[in-house]
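Positions are given from 1 along the sequence. FYI, side chains are in, hydrogens and waters are out, and symmetry mates aren't considered; it's all heavy atoms of this structure.
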Amino acid sequence: MRAVWEAGRAQGLGLHEAQLVVHERYIRHSDRIARTPDDPLDLDSLKARAAGAPGRVTAIEAVWDGDTVHDWFVILRAVTADPEGEHPLATVYWRAAVRRLADADPGPLHPCAAVADEVGRTLADRLSVPFHFESPHAPDDDPPSRRPHL
């Protein structure tokens, strides 16, 4: 998307028109486009990814993010100490969340938030660390941090 927009800007191509160009290319060439698979959301995969984070995992965190392709989504990440950092474990996109929920009702939560909350809490419980999701009821990509002090 970005490459088409940047290449076409000099000829007056706006963002909306660039999106239409990319959309038409996906329709025409969809059988030849390699799609990136969704991140695994099962407990064993998430535990393995958390174990691969450098440092000691001190919390599991869910944070909102969004873009023009996927709209809102939630990133699950491991918070570490020694060295201090944040390490992405999985991104929960709407399509994957709806598949995982199947016929389950997410209640008042966005499907991505419902799935991230469920798998994040389960992973945090299994690792015996706190789980933090500042804004599960409304997408917010700049919430105040309530991370535990280490």
Side-chain angles (χ1 to χ4, degrees), residues 1-55 57-124 131-147:
M1 180 63 229
R2 178 182 216 140
V4 171
W5 182 54
E6 287 177 350
R9 250 189 322 204
Q11 285 78 33
L13 188 71
L15 181 60
H16 178 71
E17 291 82 10
Q19 288 174 323
L20 293 175
V21 168
V22 170
H23 174 73
E24 290 299 320
R25 287 186 58 83
Y26 270 99
I27 290 173
R28 179 146 167 67
H29 302 291
S30 64
D31 60 330
R32 291 178 270 171
I33 296 173
R35 306 233 186 248
T36 304
D38 291 325
D39 289 334
L41 297 172
D42 62 283
L43 185 58
D44 290 337
S45 296
L46 293 172
K47 279 176 49 182
R49 288 183 174 195
V57 175
T58 59
I60 300 299
E61 188 171 59
V63 295
W64 286 102
D65 202 350
D67 62 31
T68 57
V69 174
H70 299 100
D71 196 22
W72 288 106
F73 50 89
V74 178
I75 300 170
L76 282 174
R77 59 189 184 194
V79 178
T80 60
D82 307 319
E84 190 174 305
E86 300 164 348
H87 310 280
L89 302 175
T91 302
V92 184
Y93 294 111
W94 182 85
R95 194 177 59 227
V98 169
R99 272 196 315 270
R100 182 170 175 99
L101 289 169
D103 293 327
D105 180 15
L109 297 179
H110 185 287
C112 297
V115 169
D117 189 72
E118 173 202 337
V119 299
R121 285 184 192 284
T122 302
L123 177 61
F131 174 70
H132 177 243
F133 193 173
E134 182 63 33
S135 180
H137 294 286
D140 182 0
D141 60 355
D142 192 26
S145 179
R146 285 189 346 172
R147 186 168 301 152

* Asked: Taking all atoms of both residues into account, what is the closest heavy-atom pair of V57 and A50, and its distance?
  -> CG2-O, 3.6 Å
* **Which residues share a side-chain contact (heavy atoms from CB on, under 4.5 Å) with A18, sequence neighbours left out** => M1, V4, W5, L13
* Would you mind listing every side-chain hydrogen bond (donor to acceptor under 3.5 Å, both in side chains) that reaches into residues 6-18, with sequence neighbours excluded? => R2-E6
Show which side-chain atoms of residues 87-104 pair as donor or acceptor with protein atoms under 3.5 Å away, not counting sequence neighbours.
residue: H87; atom: NE2; partner: T80; partner atom: OG1; Å: 3.0
residue: R99; atom: NH2; partner: D38; partner atom: OD2; Å: 2.3

* Asked: In terms of ring plane angle, is the pair F133 and W64 parallel, tilted or perpendicular, where the classes change at 30° and 60°?
  -> tilted
* To do: Determine the sole option in I60, L46, L43 for which the side chain to side chain contact (heavy atoms under 4.5 Å, CB included) test with T122 is passed.
  => L43
* Nearest 0.5 Å, what's the CG-CD distance between L15 and Q19? -> 4.5 Å
* Structure fact -> So CZ of R28 and NE2 of H23: to nearest 0.5 Å the spacing works out to 14.0 Å
* Nearest non-hydrogen partners of V74 and A116, listed with the distance -> CG1-CB, 3.4 Å
* Separation of R49 CZ from L123 CG (nearest 0.5 Å) -> 11.5 Å
* Structure fact -> D39 meets the side-chain hydrogen bond (donor to acceptor under 3.5 Å, both in side chains) criterion, sequence neighbours left out, with none
* **Any residue meeting salt bridge (Lys or Arg N to Asp or Glu O under 4.0 Å) with D67, in chain and number order, not counting sequence neighbours** => none
* To do: Might you point out which heavy atoms bring P136 and A113 nearest each other, and give the distance in Å?
  => O-CB, 3.3 Å
* side-chain hydrogen bond (donor to acceptor under 3.5 Å, both in side chains) partners of D71, counting only residues at least two apart -> none
* Asked: Taking only residues two or more places apart in sequence, or in another chain, which ones meet R25 in a salt bridge (Lys or Arg N to Asp or Glu O under 4.0 Å)?
  -> none
* Please report the closest heavy-atom contact between W72 and H110, naming both atoms and the distance. => O-CE1, 4.1 Å
* Please round to the nearest 0.5 Å and tell me the distance separating atom NE2 of H132 and atom CD of E61. => 6.0 Å
